[in-house]
Student: 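One structure, as structure tokens, below. Some questions next.
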Amino acid sequence: PTRAAAKRATAEAESDPDFGGEGLAHPSESLTITETELSFMDEVAPLMPRTPRSVKRFVNIYRLYKAALSPLAFARFVGTADRPGNFRAVQVLLALVTGTPRFAQRVFRELHGSQGGSARRLSDLVTTFDDGDESRRTTLEALREFAEKHSDLELDALREVSTLVTRYSVHHMVSQAPGEAGLG
């Protein structure tokens, strides 16, 4: 998408009709990682390298994402015990961005190129990208195993958070052309 389209989508994602001009979520809440979030981080860990630098990058971008949410958006983000929030989709995308930025670019293009409202799931991405390229084999296997064992998220959930994830991790998703970043 174009820069203007991305800005527009980000503004729409951050706005809420019930939002009455409140500020951001309380900093101590938004920067604290809950046990549920931490547990899910253990599940997405195989999608990225476990170097101290990559883990620190993942956590910092994740906390930055959370800190920028309005109180209502933050409530949707963390969810409840009965209805988990969209933090899971954010973590999956950030793990891919942190672990395999070039592959993450393809995932983001697929998310933005596919239709919303479909029943496609994370496991469908594995099938879409499984073209025999050995350079992606490890990532695809980790993604397949994650989807089977943990959470085969709907692509709509990933698409919903993808614009903001891109916004906060764009410098990790460097494009082919010098001086450009993002999805191209």
Side-chain angles (χ1 to χ4, degrees), residues 6 10 13 30-69 74 77-79 84-114 120-176 180-184:
T10 298
S30 64
L31 295 177
T32 301
I33 296 176
T34 66
E35 283 297 321
T36 304
E37 291 170 295
L38 195 56
S39 175
F40 198 76
M41 282 181 190
D42 283 339
E43 293 176 20
V44 299
L47 300 178
M48 63 181 185
R50 283 207 152 196
T51 64
R53 178 176 282 181
S54 65
V55 171
K56 183 177 180 179
R57 182 180 305 130
F58 174 89
V59 171
N60 284 342
I61 296 171
Y62 184 73
R63 292 170 92 189
L64 181 63
Y65 183 102
K66 284 178 65 172
L69 297 173
F74 182 76
F77 180 79
V78 294
N86 59 5
F87 72 88
R88 299 174 310 145
V90 171
Q91 286 190 22
V92 168
L93 292 177
L94 281 179
L96 291 174
V97 167
T98 304
T100 53
R102 295 224 183 265
F103 178 73
Q105 284 182 339
R106 291 190 66 197
V107 169
F108 280 83
R109 278 194 295 271
E110 178 67 22
L111 290 173
H112 290 281
S114 62
R120 292 182 67 206
R121 303 188 82 71
L122 187 59
S123 58
D124 294 321
L125 285 181
V126 175
T127 305
T128 300
F129 294 129
D130 196 359
D131 58 7
D133 185 342
E134 287 302 315
S135 67
R136 286 192 289 273
R137 178 68 42 215
T138 304
T139 302
L140 287 172
E141 288 303 318
L143 199 55
R144 178 180 287 117
E145 186 174 320
F146 173 80
E148 288 173 1
K149 287 185 177 180
H150 302 293
S151 185
D152 198 7
L153 297 171
E154 293 181 5
L155 292 190
D156 287 346
L158 296 168
R159 187 179 299 106
E160 181 182 314
V161 299
S162 65
T163 300
L164 292 177
V165 169
T166 302
R167 177 180 178 188
Y168 290 109
S169 57
V170 73
H171 63 285
H172 297 294
M173 296 174 59
V174 179
S175 70
Q176 297 287 358
E180 288 185 26
L183 303 176

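All heavy atoms count here, side chains included; hydrogens, waters and symmetry mates do not.
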Student: For E43 and P46, which heavy atoms make the closest approach, and how far apart are they?
Tutor: O-CD, 3.2 Å

Student: Verify salt bridge (charged side-chain N to carboxylate O under 4.0 Å, His left out) between E37 and K66, making sure each step is shown before the conclusion.
Tutor: CA-CA 12 Å; E37 291 170 295; K66 284 178 65 172; 3.1 Å; yes

Student: Measure the CG-CG distance between L122 and L155 for me, rounded to the nearest 0.5 Å.
Tutor: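 Answer rounded to 0.5 Å: 7.0 Å.
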
Student: Do R121 side-chain atoms and D152 backbone N/O form a donor-acceptor pair below 3.5 Å?
Tutor: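 Flag set: sc R121 to bb D152 pair under 3.5 Å.
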
Student: So which atom in F146 and which in V44 form the shortest heavy-atom distance, rounded to 0.1 Å?
Tutor: CE1-CG1, 3.7 Å

Student: Test L94 against V165 for side-chain contact (heavy atoms from CB on, under 4.5 Å), laying out the working first.
Tutor: CA-CA 7 Å; L94 281 179; V165 169; 3.8 Å; yes

Student: Hey, what do you get for CG (N60) to OG (S169), rounding to the nearest 0.5 Å?
Tutor: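 Separation between the atoms: 13.0 Å.
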
Student: Output, in order, the C-alpha distance, side-chain angles, deciding distance and verdict of side-chain contact (heavy atoms from CB on, under 4.5 Å) for T139 and L96.
Tutor: CA-CA 9 Å; T139 302; L96 291 174; 4.2 Å; yes

Student: Atom CZ in R167, atom CD1 in I61: separation rounded to 0.5 Å?
Tutor: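 Rounded to the nearest 0.5 Å, the CZ-CD1 separation comes to 13.5 Å.
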
Student: Measure the CG-CG distance between L38 and D42 for me, rounded to the nearest 0.5 Å.
Tutor: 6.0 Å

Student: So do L140 and F103 actually touch side chain to side chain, heavy atoms under 4.5 Å?
Tutor: yes

Student: Under the rule for side chain to side chain contact (heavy atoms under 4.5 Å, CB included), what residues qualify as partners of P49, not counting sequence neighbours?
Tutor: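 Once residues adjacent in sequence are excluded, the partners of P49 under the side chain to side chain contact (heavy atoms under 4.5 Å, CB included) criterion are T51, S54.
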
Student: Hey, could you give me the CG/CD distance between N86 and Q91, rounded to the nearest 0.5 Å?
Tutor: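 The CG atom of N86 sits 11.0 Å away from the CD atom of Q91.
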
Student: If you define the side chain from C-beta out and look only at heavy atoms, does anything of V97 sit under 4.5 Å from F58?
Tutor: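 V97 does not reach F58 side chain to side chain.
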
Student: For the residue pair Y168 and A68, what are the closest heavy atoms and their distance?
Tutor: OH-CB, 2.9 Å

Student: How far does CG of L93 sit from CG of L153, to the nearest 0.5 angstrom?
Tutor: 9.0 Å

Student: I'd like to know whether T100 forms a side-chain contact (heavy atoms from CB on, under 4.5 Å) with M48, so could you lay out the CA-CA distance, the side-chain angles of the two residues, the decisive distance to 0.1 Å, and finally the verdict.
Tutor: CA-CA 7 Å; T100 53; M48 63 181 185; over 6 Å; no

Student: Could you tell me if T128 and R106 have a donor-acceptor pair between their side chains, going purely by distance under 3.5 Å?
Tutor: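 Side-chain D/A pair, R106 to T128: absent.
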
Student: Which heavy atom of L125 sits nearest to which heavy atom of E110, and what is that distance?
Tutor: CD2-CG, 3.5 Å

Student: Okay, side chain of S39, backbone of E35: is any donor-acceptor separation there less than 3.5 Å?
Tutor: no

Student: Using a strict threshold of under 4.0 Å (side-chain N to carboxylate O), is an ion pair present between R159 and E154?
Tutor: no

Student: Which of parallel (below 30°), tilted (30 to 60°) and perpendicular (above 60°) describes Y62 and F77?
Tutor: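 Rings of Y62 and F77: tilted, as their planes differ by 30° to 60°.
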
Student: Using the side chain to side chain contact (heavy atoms under 4.5 Å, CB included) criterion, which residues pair with E141? Sequence neighbours excluded.
Tutor: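 So E141 forms a side chain to side chain contact (heavy atoms under 4.5 Å, CB included) with R137, R144.
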
Student: Which heavy atom in F129 sits nearest to a heavy atom in V107, and how many Å separate them?
Tutor: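 What the structure gives for the nearest pair is CE1-CG2, 3.8 Å.
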
Student: Taking the side chain from E148 and the backbone from E145, do they hold a donor-acceptor pair closer than 3.5 Å?
Tutor: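 A pair under 3.5 Å: no.
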
